[in-house]
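This chain uses plain numbering: 1 for the first residue, then up along the sequence.
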Amino acid sequence: MNWLIVTDLDGTLLDDEYMNSKAGAAIDTISASYGDARVALASSKTPSEMIDLVRHCESDPVLIFENGSGIAWREESLCRPGRPRRGGVGLECLGTPYPEVRGAR
């Protein structure tokens with residue numbers, strides 16, 4: 001059976017100390033405990049904050065950032081050609097880019 005486990009970060013895998021190394025270890029443990037399940041991390045954090053966290057993971061979690069405005073992953077086969085990459089992670093922004101929102105009248 002294939003598993004997708006979705007979890008929040010703040011107050012769930014990250015405590016008041018915000019130790020990314022501990023959260024990374026927890027994500028890897030979750031993934032391995034369910035036969036290499038795919039883990040998705042949902043957060044209000046920015047892509048940069050999420051990318052910093054995923055550097056502490058051996059597994060390859062899906063990142064849902066800024067309350068669902070975008071998703072990201074390291075696995076290149078999941079990325080559409082030509083999409084931006086930052087820190088080895090492919091980004092897919094689902095909302096309207098900020099400059100366009102600011103320019104709307």
Validation row: S59, V39 side chains within 4.5 angstrom (heavy atoms): no
Side-chain heavy atoms of K45 within contact of L63, under 4.5 Å: no
Heavy-atom pair of closest approach, residues S43 and M50: CB-SD, 3.8 Å
Shortest non-hydrogen separation from Y34 to W3 and the atoms involved: O-CD1, 3.8 Å
For D8 against D10, the heavy-atom pair lying closest together: OD2-O, 3.1 Å
S44 side chain reached by E66 side chain, heavy atoms, under 4.5 Å: no
Student check: side-chain heavy atoms of E49 and I51 closer than 4.5 Å: no
Approximate separation, where rounding is to 0.5 Å, of K22 NZ and H56 NE2: 13.0 Å
Spacing of CD1 belonging to I64 relative to CD1 belonging to I71, to within rounding of 0.5 Å: 7.5 Å
Atom pair SG/CG of C57 and N20 - distance to nearest 0.5 Å: 8.5 Å
Within-4.5 Å side-chain heavy-atom neighbours: I27 and L13: yes
F65 side, atom CZ; C93 side, atom SG - distance, nearest 0.5 Å: 4.5 Å
Flag, side chain of R38 to backbone of D60, donor-acceptor distance under 3.5 Å: yes
Test log, rule side-chain contact (heavy atoms from CB on, under 4.5 Å), inputs V62 and L41: CA-CA 6 Å; V62 174; L41 306 173; over 6 Å; no
Test item: T29 side-chain N/O and A25 main-chain N/O as donor-acceptor pair under 3.5 Å: yes
Distance (rounded to the nearest 0.5 Å) between S21 OG and L53 CG: 9.5 Å
